[in-house]
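Report on one structure; see the data block that follows.
This structure is a prediction, so every number in the text was calculated from the model and none was measured.
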Amino acid sequence: MLNKARTGAILLALPLTAFILVTFVAPLGSMFMRSLYDPLVADIMPETLAALEEWDGTGLPAEQVYALAARELGLAREEKTIGRLATRLNRDTSGMRSVIMRSGRALKRAGDAPWSETLPDINPAWGEADIWQALVRTGARVTPIYYLNALDLTLDSDGGVVRQPEDRRIYGTLFIKTIRVSLVITLLCLAIGYPVAWLIAHSPPRMSRMLLVLVLVPFWTSLLVRTTSWIVLLQQQGVVNDLLVRVGIVADEQRLTMIHNMTGTLVAMTHVLLPFMILPIYSVMRGIPAVQMQAAMSLGANWPRAFRQVYLPQSLPGVGAGCLLVFILAIGYYITPALVGGQSGQLISNFIAYHIQTSLNWGLAAALGCVLFVAVLLLFLLYDRVLGLDRMRLGA
């Protein structure tokens, strides 16, 4: 009987398990794989890379290596994979795309002279060690280069890890900016959401239901509509600026720029994420008996002291749940900063989307996503260590 019950429970859990595996575990696994595994160069130029294993990295390779490189470049041109090869090498070393594409076209007219002379004649870059070092660096099937790039690091000619040139250090700053913006949005949502949750929890039933419906209305409205509406409200000729001019706070010729910058990102994301702060806090507040505050005040405490010592500690599990939920959502948000953020309001998620959709550098996008995932996981573990997940509640 026990075995039948256990089998039935397992069968009931199978659909949920399959759903989690397909929609969560498999995409994460694919992302981690793409961030480390890059066989493109190794698949297109396997013999050249095998011959380069005997090269010490100084001077120039032997004639055999030049001949193999010329043959495999010609084959890549015929198979129409030379463009992908050139793009991949160009990500490692700027200018490599033009070298590879020009060499591939010129090989049609090249004779059978020693390739160590012919290739440098086609492009002088083949007469320098840098291009061969780039082939060696990008030829590994399993490579940490995407993670190094995501952390503003790279490999030097000796294979050592060094910092990127100063003009290419962008992702470390973006990660810090994303975390800082997410913290600010979390604090704004808490400052607005806590009083609103308290008001809903302590209003008469009819008023409470009405206020709760107003909080839930954004969930029934498209995220795109909610975000673009802020463009109408915050633009220089928008409603907010018109109101400020009419009441005399700002002059008509000094209208505020509140859109396509960080201000627009903060305002729009706070509006979008505010319900995720209000609902967990409200659900906890709803379970706190009102008589406790009355009892504390009857014993001599004034309202602020009773609130601070009796009510606030009991509401902290909801505050913790709301803050964690808002922060995790904010750190990976994409649509809102893309629409209202402009250049200064872009976050790391926008660059992940750029590498997926525009530059097609999926390895770097996957590495950035993995770094972001690990950062959120570390935050989650820190929260568990400091406050304890057992204290976090989404309801009474």
Side-chain angles (χ1 to χ4, degrees), residues 28 30-41 57 86-99 129-185 261-262 265 269 327-328 330-334 337-338 341-382:
L28 275 180
S30 175
M31 182 176 67
F32 278 110
M33 180 66 71
R34 284 188 178 275
S35 66
L36 288 170
Y37 184 67
D38 186 4
L40 178 63
V41 178
T87 300
R88 174 64 187 91
L89 291 171
N90 196 69
R91 291 172 188 159
D92 180 85
T93 305
S94 180
M96 286 289 286
R97 180 175 178 82
S98 61
V99 173
D130 291 349
I131 191 170
W132 302 103
Q133 291 168 352
L135 280 171
V136 172
R137 284 195 302 268
T138 58
R141 293 180 180 274
V142 178
T143 173
I145 191 64
Y146 292 122
Y147 281 103
L148 294 177
N149 289 339
L151 299 173
D152 290 336
L153 302 172
T154 188
L155 297 175
D156 61 14
S157 58
D158 298 325
V161 178
V162 296
R163 297 190 68 185
Q164 290 272 17
E166 190 170 352
D167 60 336
R168 300 188 66 179
R169 298 175 196 167
I170 57 175
Y171 299 116
T173 304
L174 271 174
F175 275 116
I176 295 173
K177 177 182 176 182
T178 300
I179 292 174
R180 186 174 66 247
V181 169
S182 300
L183 285 173
V184 171
I185 290 170
N261 53 26
M262 185 54 68
T265 297
M269 287 185 65
F327 183 84
I328 290 176
I331 206 172
Y333 239 63
Y334 158 65
Q343 189 65 33
S344 63
Q346 300 295 292
L347 304 179
I348 193 66
S349 55
N350 301 105
F351 279 79
I352 294 175
Y354 166 77
H355 288 304
I356 291 175
Q357 299 172 352
T358 305
S359 73
L360 302 181
N361 192 350
W362 291 1
L364 180 56
L368 291 170
C370 289
V371 172
L372 194 62
F373 174 79
V374 171
V376 172
L377 184 61
L378 290 176
L379 171 71
F380 195 76
L381 295 176
L382 179 63

Rounding to 0.5 Å, atoms CG (Asp130) and CG (Leu135) come to a distance of 11.5 Å
If you count every heavy atom of other residues, nucleotides or ligands that lies below 6.0 Å from Arg169 atom CZ, does the total exceed 12? yes
* Asked: Taking atom CD of Gln357 as the centre, does the number of heavy atoms from other residues, nucleotides or ligands within less than 6.0 Å exceed 12?
  -> yes
Output for pair (Thr138 OG1, Ile145 CD1), nearest 0.5 Å, gives 9.5 Å
Sequence neighbours excluded, the answer for side-chain hydrogen bond (donor to acceptor under 3.5 Å, both in side chains) partners of Thr143 is none
Residues passing the side-chain hydrogen bond (donor to acceptor under 3.5 Å, both in side chains) test with Asn149, sequence neighbours excluded, are Gln164
By side-chain contact (heavy atoms from CB on, under 4.5 Å), Leu183 pairs with (sequence neighbours left out) Ile179, Phe327
Taken to the nearest 0.5 Å, the spacing of Ser359 OG from Tyr354 OH works out to 5.0 Å
Sequence neighbours excluded, the answer for side-chain hydrogen bond (donor to acceptor under 3.5 Å, both in side chains) partners of Ser35 is Tyr147
Residue pairs meeting side chain to side chain donor-acceptor pair (under 3.5 Å), one or both in residues 170-185, sequence neighbours left out, come to Tyr171-His355
Hits for salt bridge (Lys or Arg N to Asp or Glu O under 4.0 Å) against Arg88, two or more places apart or cross-chain, chain-then-number order -> Asp38
Sorted by chain and number, sequence neighbours left out, side-chain contact (heavy atoms from CB on, under 4.5 Å) with Ala134 holds for Asp92, Thr93, Met96, Arg137
Residues passing the side-chain hydrogen bond (donor to acceptor under 3.5 Å, both in side chains) test with Arg141, sequence neighbours excluded, are Asp43
Could you give the side-chain donor-acceptor pairs of residues 360-376 under 3.5 Å, partners two or more places apart or in another chain?
from   : atom 1 : to     : atom 2 : distance (Å)
Asn361 : OD1    : Leu364 : N      : 3.4
Trp362 : NE1    : Ile356 : O      : 3.0

For Val136, the side-chain contact (heavy atoms from CB on, under 4.5 Å) test, sequence neighbours excluded, returns Leu52, Trp55
* Are any non-hydrogen side-chain atoms of Arg97 and Thr87 less than 4.5 angstrom apart? -> yes
Heavy-atom nearest pair, Leu347 first then Leu174, reads C-CD2, 4.3 Å
